[in-house]
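What follows is a short report on a single structure.
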Number of protein chains: 2
Amino acid sequence: MKRKVTLKQIAKELDVSVSTVSKALRNSKEISQDTIDKVQAFAKLYNYRPNNIAISLKNRKSKNIGVIIPEIVHHFFTMVISGIENVANEQGYNVIVCLSNESFDKEVINMETLANGSIDGFIISVSKETQQRRDFHHLREVVNQGMPLVMFDRVADEIYCDKVVIDDAQAAYNAVNHLIETGCRRIALITTEDYVSVGNLRTLGYLNALRDAGIEVNENLVVKVNSEQECREKVAKLFKYQVVDGVFAVNELYALIAMREAQNRDLKIPDDVSFIGFTDGLLSQYSNPTLTTVVQHGYEIGQHAGQMLIDKLEEREADDYFRTEVIKTSILKRESTKSGDNLKVSQ
Amino acid sequence: MKRKVTLKQIAKELDVSVSTVSKALRNSKEISQDTIDKVQAFAKLYNYRPNNIAISLKNRKSKNIGVIIPEIVHHFFTMVISGIENVANEQGYNVIVCLSNESFDKEVINMETLANGSIDGFIISVSKETQQRRDFHHLREVVNQGMPLVMFDRVADEIYCDKVVIDDAQAAYNAVNHLIETGCRRIALITTEDYVSVGNLRTLGYLNALRDAGIEVNENLVVKVNSEQECREKVAKLFKYQVVDGVFAVNELYALIAMREAQNRDLKIPDDVSFIGFTDGLLSQYSNPTLTTVVQHGYEIGQHAGQMLIDKLEEREADDYFRTEVIKTSILKRESTKSGDNLKVSQ
DNA sequence: AACCAAAGCGAAAACGTTTTCGTGTTAAAA
DNA sequence: TTTTAACACGAAAACGTTTTCGCTTTGGTT
């Protein structure tokens with residue numbers, strides 16, 4: 001019920017000026033010790049806390065970071081948010097999260113409402129629709145206004161700003177290579193039909209790994225799907241008409257679906273066929289067998305993105321110098337691929 | 001590079017007063033059409049947007065909602081956030097997310113930093129540590145300051161505020177009852193050793209369901225665990241020494257671990273033993289066999305919590321009247337339990 | 001006695017809005 | 001011609017801070 005107490009109220013009660021109160025609270029040496037004690041005692045008694053909004057207005061900075069992501073019900077993005085939160089909180093920043101729900105319009109609206117003082121800088125992974133349209137005017141706009149921007153994962157090359165990405169092509173290359181090294185030769189790729197750049201990069205890594213190993217690409221082993229349902233159908237056909245001894249899927253769900261199909265056909269995993277997925281989430285951890293995956297280190301991505309942004313905000317870094325940090329991926333070997341020990345045996 | 005344009009700058013350029021500009025932009029009828037046109041054209045040209053912070057200060061409201069949750073890498077909480085975001089955005093509010101990481105101190109700090117103007121109201125699910133200590137002074141404080149507060153899931157009865165919960169006891173009752181109806185008699189409970197109130201309530205539901213069905217409680221079928229590892233061990237013992245034909249677990253992970261153990265012992269699911277878990281997440285959806293679960297409808301919980309808070313903020317509801325909304329759970333039947341069709345056969 | 005410096009404090013501006021109230025100008029009514 | 005009303009606009013206050021600058025009082029130095 002009792003409203004928050006302000007400097008003005010304290011000043012009136014103690015019969016001094018607002019300036020005196022303000023200075024006393026900050027232990028200014030302009031103020032006598034007597035007055036300081038009196039003011040601080042009173043402030044403590046009434047639990048005075050400075051009003052953030054007033055300070056924001058005065059300082060022209062909010063100490064808030066705006067994070068815009070396509071969706072939050074997604075292991076990778078929650079890990080990234082956790083990472084951002086971690087570095088932000090340590091340095092006195094709050095995180096405002098907005099969801100674009102993969103919609104271009106909502107992304108634009110979110111940015112516009114936040115960009116007017118509510119936040120000091122953006123961290124964003126753009127929506128699918130935005131990538132499809134290749135319309136990045138809203139990003140360009142905030143950059144032009146001098147507001148720091150960090151993009152992660154789904155980035156736009158044509159926007160000049162800090163970025164945090166993984167090397168999708170390299171990661172896919174390593175994944176496929178791991179299959180090759182453990183004896184696989186007829187390796188299928190399950191990917192998305194896409195405009196989403198990361199999908200293409202992962203496909204590229206797949207192709208390169210095969211080429212470097214001197215394995216010919218078999219178009220019949222490449223399946224492009226757009227939905228879970230489509231994945232099930234095409235994977236069923238794949239196993240029906242082709243001999244497959246390894247599967248690389250661009251996400252864990254598709255890998256799981258493929259594993260299920262293989263199991264239904266009484267194929268032994270990993271002896272008859274090995275599986276590796278992209279993105280390490282709960283499903284990979286607890287599937288049966290557990291799934292070997294490419295881990296993207298979302299938490300670290302978030303930490304780096306957050307730190308890069310804060311470095312710009314605190315002017316620890318020139319505002320016209322931009323970097324792209326590439327976070328290394330790693331392969332977490334589990335039960336769905338053969339261990340290195342079997343290597344000679346299986347080859 | 002170009003800073004955001006302000007009313008003052010527009011006023012100077014057009015040689016009118018700040019008040020005139022402000023009114024012209026809002027189509028006040030105090031201002032001539034000529035001036036309105038002139039001002040609006042200029043504002044559009046320079047892409048004028050009112051500064052949110054200044055408006056917040058003036059109106060003494062930020063249009064921000066503070067959400068504090070124990071962790072974000074958790075399906076239930078992300079669903080809740082999505083629900084909150086949904087209603088908040090529709091009504092012009094932003095969501096500031098803070099994570100307590102299950103720590104009491106961080107929860108307190110988060111609330112204090114947000115409570116000084118940054119937000120208009122809180123939505124919170126308290127940390128385990130907070131529940132353990134039963135120290136809710138920080139909640140009491142914001143309530144006393146007249147700041148609306150909505151608690152969800154992990155609530156504190158002693159705090160007088162709006163709440164959104166599920167009926168854990170009833171939900172558990174229904175779950176266990178479903179097992180009973182499909183023919184199970186020796187039903188195990190896998191729960192957490194806890195101070196967390198929800199765990200106790202779920203246990204209560206289990207006991208009541210057995211009692212109402214005239215089934216004696218067998219202490220040996222109740223396992224309390226605190227970690228994944230402990231769960232594995234105790235579940236192994238359970239299956240080794242007891243005959244079990246049904247398992248109710250207080251979360252999906254424990255249910256999964258138990259299923260895995262049963263499969264290792266070549267028990268048929270659901271014919272030999274049925275499983276049901278609490279909380280419907282990805283694991284339940286994609287496990288093998290898929291897991292029947294109690295679904296908590298996190299998205300709806302978020303929507304209700306958000307709407308209750310906004311109703312208070314917009315004074316659509318008296319600020320001294322508090323409700324507790326109970327969101328109904330439902331049981332999503334999948335492969336891990338017998339269907340109703342088999343009912344007669346199995347009895 | 002005259003001067004000066006330091007100590008202690010207050011007034012005011014600034015951040016960017018919105019809104020109330022007052023004022024001068026013009027056109028219509030008496 | 002005088003009064004009145006409508007019209008168009010500006011000044012100022014308010015939201016809660018921080019900070020600069022200036023003022024008064026005190027005590028000490030010549």
Side-chain angles (χ1 to χ4, degrees), chain A residues 2-40 42-43 46-64 92 113 115-120 145-146, chain B residues 3-40 42-43 46-64 92 113-120 145-146:
Chain A
K2 45 172 186 180
R3 277 248 144 276
K4 299 234 68 172
V5 59
T6 69
L7 288 187
K8 195 191 282 192
Q9 291 167 28
I10 298 182
K12 186 189 277 182
E13 290 297 323
L14 296 184
D15 205 40
V16 292
S17 77
V18 171
S19 354
T20 302
V21 176
S22 176
K23 291 171 192 167
L25 289 174
R26 337 189 92 233
N27 288 306
S28 161
K29 60 188 90 72
E30 285 184 50
I31 308 296
S32 71
Q33 197 56 48
D34 263 18
T35 312
I36 289 186
D37 293 344
K38 201 173 54 175
V39 169
Q40 293 195 350
F42 192 94
Y46 283 90
N47 195 29
Y48 169 78
R49 294 278 181 278
N51 181 307
N52 291 331
I53 297 289
I55 293 180
S56 294
L57 183 57
K58 181 108 191 46
N59 296 343
R60 294 147 124 210
K61 53 177 64 171
S62 63
K63 286 275 185 177
N64 286 337
T113 67
N116 301 298
S118 300
I119 59 154
D120 299 337
Q145 280 171 25
Chain B
R3 276 247 143 274
K4 299 234 67 173
V5 60
T6 70
L7 289 188
K8 195 190 283 192
Q9 291 167 28
I10 299 182
K12 186 190 277 184
E13 289 297 323
L14 297 183
D15 205 38
V16 293
S17 77
V18 171
S19 354
T20 302
V21 176
S22 176
K23 291 172 190 167
L25 288 174
R26 338 187 91 234
N27 287 306
S28 161
K29 59 190 93 70
E30 283 184 51
I31 307 297
S32 71
Q33 197 57 48
D34 264 17
T35 311
I36 290 185
D37 292 344
K38 200 174 55 175
V39 169
Q40 294 195 350
F42 192 93
Y46 284 90
N47 195 28
Y48 169 78
R49 294 279 182 276
N51 180 307
N52 290 332
I53 297 287
I55 293 180
S56 294
L57 183 59
K58 180 108 193 44
N59 296 343
R60 297 150 119 200
K61 53 177 65 173
S62 63
K63 287 275 185 178
N64 286 337
T113 66
L114 288 188
N116 301 298
S118 300
I119 59 152
D120 299 338
Q145 279 172 23

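Any value given below was found using the heavy atoms of this structure, including those in side chains, with hydrogens, waters and symmetry copies removed. Lettering of chains follows the sequences in order, A, B, ..., and the numbering in each one begins at 1. Only a predicted model underlies this, so the values are computations on that prediction, with no experimental measurement involved.
At a threshold of 4.0 angstrom between heavy atoms, the contacts of A/T35 are confined to the sugar-phosphate backbone, with no base atom among them. Nucleic acid contact for B/S19: base, since at least one base atom lies under 4.0 Å from a heavy atom of the residue. Residue contacts shown for A/K23 include a base, since a base heavy atom lies under 4.0 Å away. At a threshold of 4.0 angstrom between heavy atoms, the contacts of A/S32 are confined to the sugar-phosphate backbone, with no base atom among them.
Remark: A/K63 NZ is packed, more than 12 non-hydrogen atoms of other residues, nucleotides or ligands lying under 6.0 Å away. By the neighbour-count criterion of 12 heavy atoms within 6.0 Å, atom OH of B/Y46 is sparsely surrounded, having that number or fewer from other residues, nucleotides or ligands.
Each of B/L57 and B/V21 lies near DNA chain D, and the nucleotide nearest B/V21 is the one positioned closer to the 5' end.
For A/N52 (side chain) and B/G117 (main-chain N/O), no donor-acceptor pair under 3.5 Å exists by modelled atom type. At distances below 3.5 Å, at least one donor-acceptor pair connects side-chain atoms of B/S62 with backbone N or O atoms of B/S118.
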**Pair B/T20-B/S17, side-chain hydrogen bond (donor to acceptor under 3.5 Å, both in side chains): steps then yes or no** = CA-CA 5 Å; B/T20 302; B/S17 77; 3.0 Å; yes
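In this structure B/K23 satisfies the salt bridge (Lys or Arg N to Asp or Glu O under 4.0 Å) test together with B/E30, sequence neighbours excluded.
Close approach of DNA chain D to chain B, defined as any atom under 4.0 Å from a non-hydrogen atom of the protein, starts and stops at D/dA8 to D/dG16.
Using modelled atom types and a 3.5 Å distance limit, the side chains of B/N116 and A/K4 yield a donor-acceptor pair. Looking only at atom types and distance, the side chain of B/S22 has no donor-acceptor partner in the side chain of B/S19 under 3.5 Å away.
Atom NZ of A/K38 and atom C1' of C/dC9 are 11 Å apart (whole Å). For A/I31 and C/dG8, the CD1 to P distance is 9 Å, given to the nearest whole Å. Between the CD atom of A/Q33 and the P atom of C/dG8 there is a distance of 10 Å, rounded to whole Å.
Scanning all heavy atoms of the two residues, the minimum distance from B/A24 to B/I36 falls at O-CG2, 3.9 Å.
Comparing the end axes of the helix from C/dA1-D/dT30 to C/dA30-D/dT1, each fitted to five base pairs by superposing C1' atoms of four pairs onto the next four, gives an inter-axis angle of 80° (nearest 10 degrees).
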